[in-house]
Amino acid sequence: MKSTCNVFDLGRHTVEFLIIETEAEKSSCSSSSSSSSSSSSSTSISYLRPPKPLLVAAPSDGGEFEFPVVILLHGYLLNNFFYSQLMKHVSSHGFIVIAPQLYSIAGPDCEEEINSVAKLTDWLINNLTQALKGIKPNLAKLAISGHSRGGKVAFALALSPAKTKLKFSALITIDPVDGMDKGKQTNPPILTYIPHSFDLQIATLVIGSGLGGLKKNVVFPPCAPKGVSHEDFFEECCAPSWHFVGEEYGHLDVLDDETKGLRGKLSYCLCKNGKERRAMREFVGGVMVAFLRGYLDGEMKDLEAIRENPKLVPIEYSVDSFV
């Protein structure tokens, strides 16, 4: 049981964060520093730059070991670096976590995000190893994950396997949201409201927040409205699928303890929150690690122990599964 307890703590690996820029960002930086020395300006890279800027958390002490890869998609109008503490938690247990910044401003339609993540996934094939500078990814063990609107996009990609050359081995969503209400889904709608209609052929994990469906105040709607949130997504999943809910925590409690800037400040006042972010984030990180170990590495004991023994878990939660 010792290993199960440890999934809610940081793992044994030292984590390094990398920022991988797009070609446009790199060109902008180069033009703004044109007075730099010729030796630095002539430095070249051996890979194509990604279609979207990336924040990567990777174990830096793995030697020749190959690490499974997790793509993490941010929520609506959020920044990828708001998830750095969650990324560090998961990565410290032996996973490479890749968080693209999909947009700065976006409307309700998600098609562009879906296509962008498909292009990014294909970019990984020939470029990720070189970009990681000696840290070795195992793309045969690739999971896609997302929070809020990012969870919707993750489901869309998993339900459309022909969009990518690489195949996903597992799907994780954190409080996924499919729109404002049933009948008011954003394009493309994902939920069909037909039980077990998602024939994904891969294991799924849906994590929900108990407070996500409640209003913070009379001005703003719930951040994860009933009818288009985690319960509905899980109901449409087929086995094997797991559903964990942090009962006393909110939609954005998975973010870093401190999120700066205007968007960071808004994250404290738009959604109903729990007492603190740390406990929910550690719960989410631990469940993700247990699930990834189970379905990417074939080690199910942590996941099964979490289901069977609430004393191992740092918060009050509920769990359901189709296995």
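Heavy-atom basis, side chains included; hydrogens, waters and symmetry copies ignored. Numbers here are sequence positions counted from 1.
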Could you check whether any side-chain heavy atom of F234 comes within less than 4.5 Å of a side-chain heavy atom of W242, counting everything from C-beta outward? no
Output yes when a side-chain donor or acceptor of D256 lies under 3.5 Å from a complementary backbone atom of Q85, and no otherwise. yes
May I ask you to say whether D297 pairs ionically with K141, meaning some side-chain N is under 4.0 Å from a carboxylate O? yes
Are any side-chain N or O atoms of K167 and backbone N or O atoms of P161, one a donor and one an acceptor, separated by less than 3.5 Å? yes
Can you tell me how far apart CG (L157) and CG (L120) are? Round to the nearest 0.5 Å. 9.5 Å
Would you give the length of the straight line joining atom NZ of K133 to atom CG of L18, rounded to the nearest 0.5 angstrom? 6.5 Å
Counting N and O atoms only, with roles assigned by atom type, does the side chain of T192 sit under 3.5 Å from a partner on the main chain of I194, one being a donor and the other an acceptor? yes
Do P100 and L73 have side chains that get closer than 4.5 Å, going by heavy atoms? yes
Please name the pair of heavy atoms, one in S169 and one in A140, separated by the smallest distance, quoted to 0.1 Å. OG-O, 3.2 Å
Nearest-0.5 Å distance that lies between atom CZ in F220 and atom SG in C269: 6.0 Å
With a 4.5 Å cut-off on side-chain heavy atoms, are F168 and S145 touching? no
Whether K152 side chain and P188 backbone form a donor-acceptor pair below 3.5 Å: yes
Could you tell me the separation between the CG atom of L48 and the CG atom of N126, rounded to the nearest 0.5 Å? 8.0 Å
Non-hydrogen atoms of P221 and M180 that approach each other most closely: CG-CE, 3.8 Å
Test your reading of the model: is there a side-chain donor-acceptor pair from S91 to the backbone of K88, 3.5 Å cut-off? no
Donor-acceptor pair, D178 side chain versus I190 backbone, under 3.5 Å? yes
Do D232 side-chain atoms and S229 backbone N/O form a donor-acceptor pair below 3.5 Å? yes
What verdict does the side-chain contact (heavy atoms from CB on, under 4.5 Å) test give for I174 and L86, after you've listed the backbone C-alpha separation in whole Å, the side-chain angles of each residue and the deciding distance to 0.1 Å? CA-CA 12 Å; I174 306 164; L86 176 64; 4.1 Å; yes
Please find the pair of heavy atoms, one from P108 and one from T186, that lie closest to each other, and give the distance. O-CB, 3.2 Å
Going by an N to O cut-off under 4.0 Å, is there a salt bridge joining R277 and D257? no
Measure the shortest side-chain to side-chain distance between Y295 and P240 over non-hydrogen atoms and say whether it is less than 4.5 angstrom. yes
Student check: side-chain heavy atoms of V56 and I96 closer than 4.5 Å: yes
From M87 CE over to L55 CG, what is the distance, rounded to the nearest 0.5 angstrom? 4.0 Å
Donor-acceptor check, side chain of S209 to backbone of G212, threshold 3.5 angstrom: yes or no? yes
Salt-bridge contact K165-D122 (side-chain N to carboxylate O under 4.0 Å): no
Side chain Y268, main chain T259, donor-acceptor under 3.5 Å: yes
So do V7 and I306 actually touch side chain to side chain, heavy atoms under 4.5 Å? yes
If the plane angle is over 60° it's perpendicular, under 30° parallel, otherwise tilted; pick one for Y76 and Y103. tilted
Any side-chain donor-acceptor pair under 3.5 Å between S241 and T204? yes
Within residues 50-68 or reaching into it, pairs that qualify as side-chain hydrogen bond (donor to acceptor under 3.5 Å, both in side chains) - sequence neighbours excluded: H13-D61
Under a single-linkage definition using a 4.5 Å side-chain heavy-atom cutoff for Ile, Leu, Val, Met, Phe, Trp and Tyr, are L270 and V219 assigned to the same hydrophobic cluster? yes
Taking only Lys NZ, Arg NE, NH1 and NH2, and the carboxylate oxygens of Asp or Glu, determine whether K226 and E231 approach each other closer than 4.0 Å. yes
Could you tell me if the ring centre of F322 sits under 6.0 Å from that of H243? no
On a heavy-atom basis, which atom in T22 and which in P50 lie closest, and how many Å separate them? CG2-O, 3.4 Å
Look only at the side chain of D175 and the backbone of G208, and say whether a donor-acceptor pair between them is shorter than 3.5 Å. no
Closest heavy-atom pair and its distance - Q101, H74: NE2-NE2, 3.5 Å
So, taking the atom named CG in L77 and the one named CG in L262, what distance separates them when rounded to the nearest 0.5 Å? 10.5 Å
Report yes if the side chains of L166 and I125 come closer than 4.5 Å at any heavy-atom pair, otherwise no. yes
Looking at the rings of F244 and F291, which for Trp means the six-membered one, are their centres under 6.0 Å apart? no
Tell me whether the guanidinium CZ or amine NZ of K182 lies under 6.0 angstrom from the six-membered ring centre of Y193 and within 45° of its axis. yes
Are L252 and L266 connected in a single hydrophobic cluster, I mean Ile/Leu/Val/Met/Phe/Trp/Tyr linked by side-chain heavy atoms less than 4.5 Å apart? no
Following the transitive rule for hydrophobic clusters with a side-chain heavy-atom cut-off under 4.5 Å over Ile, Leu, Val, Met, Phe, Trp and Tyr, establish whether F81 and L72 coincide in one cluster. yes
Under 6.0 Å between ring centres: does that hold for F67 and F65? yes
Side chains of S197 and E236: do they bring a donor and an acceptor to under 3.5 Å? yes
Is the shortest side-chain heavy-atom distance between E21 and P53 below 4.5 Å? no
Test salt bridge (charged side-chain N to carboxylate O under 4.0 Å, His left out) applied to E113 and R149, step by step: CA-CA 10 Å; E113 290 144 72; R149 172 160 155 159; 2.3 Å; yes
Which heavy-atom pair separates H93 from N6 by the least distance, and what is that distance? CE1-O, 3.1 Å
